[in-house]
Amino acid sequence: MKAHGNNFSTLCELQRQMAQQVVLSSLKGEIRFISGVDCSEVQGRVRAAAVLMSWPQLEELGRSAFEDVCTVPYVPGFLSFREMEPMMKALEALKGPVDLILVDGCGIAHPRGLGIASHLGVATGVPSIGVSKSPLVGSFEEPGEAPLSSSPLVFQGRQVGWALRSRKGCKPIFVSPGHLIDLEGALETVKMALRGYKLPEPIRRADRLSKLRPPKA
DNA sequence: GCGACAG
DNA sequence: ATCTTGTCGC
Ligand SMILES: [Mg+2]
C-alpha cells in the first residue's frame, strides 16, 4: 500500500474503490480484545504505537511501537498513506488477538469515505472505529455540556459520525465508523472505552507511547 | 477563485 | 503533527 509514485487522482480513485468495500453493519462476534493505535512524528521519523487491552475491563495486556524514516508528507484527506503502514507494523508486533481497533483519525467521515480507520479496517479485515480531535469534513451542532452528550456529524446530507462530549469542560471528539461496525456501535464502544479523560483509554495510551523516544540502550 | 483541511 | 511556560478553570 505504498503511496510512492502515485499522483493524487490515482490515490483518490483507490480511496473511492476501497470505500465500496467498507461494511457498516452491527458489530459481529464476541469482542474480548481491543487495540488503540496512534502515530507521531519527530525529526523526520514516524513512530506508531499500539496498545492491547481486555474488553470491556480495559486492562492493558501489551504494547508495541514501530519507528521508521518518514517519507510521505501529511496532506489532508490522505493521512492513511503516511501512517497506516507504521500502524500495521505496530499492530503485528503486539503478537496478540485483536477484535476491534480504535484509530486516532477518521473513519467514514472523510471526503471519499475512506479515512485511515476505514482504510486500516478494510486492509486488515478487523472491525475499526475512527476517533479524531477535530472534524475533517461535515457539520455538527455543539453537543450539550453534560459528559457523554452527542450530536450527529453530517456530510453531504448523511450522518457519518458523531461529535461526543467525552469529558466535562473539554471540546468534543469526533467518532465515526471505520469498518464492520455501524454508527450506533461506534458511539457506544467509544463511550465504554472512556476512563475519565478526553480520549478513549486505548488511544490515550497509544498516543503517549507514540510520543516517547525509543529507550536508549 | 477562495477558504477549509484528520495527523 | 510540532514548536513550548505559564496560566486559568474545574
Ligand atoms: Mg495521532
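Numbered from 1 within each chain, the chains take letters A, B, ... in sequence-line order. Because only heavy atoms are used, hydrogens play no part in the values below, and waters and symmetry mates are left out as well, while side chains stay in.
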ring-ring contact (aromatic ring centres under 6.0 Å, His included) pairs touching residues 8-30 of chain A, sequence neighbours excluded, are A:Phe8-A:Phe78
Would a distance-only check, ignoring hydrogens and angles, find a side-chain to backbone donor-acceptor pair under 3.5 Å from A:Ser54 to A:Glu59? yes
Would you check if there is a donor-acceptor pair between the side chains of A:Asn7 and A:Thr10 at a distance under 3.5 Å? yes
Distance, rounded to the nearest Å, where [X] contributes [atom1] and [N] contributes [atom2]:
| X | N | atom1 | atom2 | value |
| --- | --- | --- | --- | --- |
| A:Leu102 | B:dG7 | CG | C1' | 17 Å |
| A:Phe78 | B:dA4 | CZ | P | 19 Å |
| A:Arg82 | C:dT2 | CZ | C1' | 11 Å |
| A:Tyr74 | C:dA1 | OH | P | 10 Å |

Among B:dG7, B:dC5, C:dT2, the one nearest any side-chain atom of A:Pro76 is B:dC5
NA contact type, A:Gly115, heavy-atom cut-off 4.0 Å: base, sugar-phosphate, or nothing? base
Using a heavy-atom cut-off of 4.0 Å across all strands, would you classify A:Pro135 as base, sugar-phosphate, or nothing? sugar-phosphate
Output, in order, the C-alpha distance, side-chain angles, deciding distance and verdict of side-chain contact (heavy atoms from CB on, under 4.5 Å) for A:Leu153 and A:Ser176. CA-CA 9 Å; A:Leu153 175 63; A:Ser176 60; 5.6 Å; no
Does a side-chain N or O of A:Ser134 approach OP1 or OP2 of B:dA6 to a distance below 4.0 Å, or not? yes
In B/S/- notation, 5' to 3', how is nucleotides 3-10 of chain C contacted by protein heavy atoms closer than 4.0 Å? -------S
Beyond-backbone contact of A:Leu61 with A:Phe33, side-chain heavy atoms, under 4.5 angstrom: yes
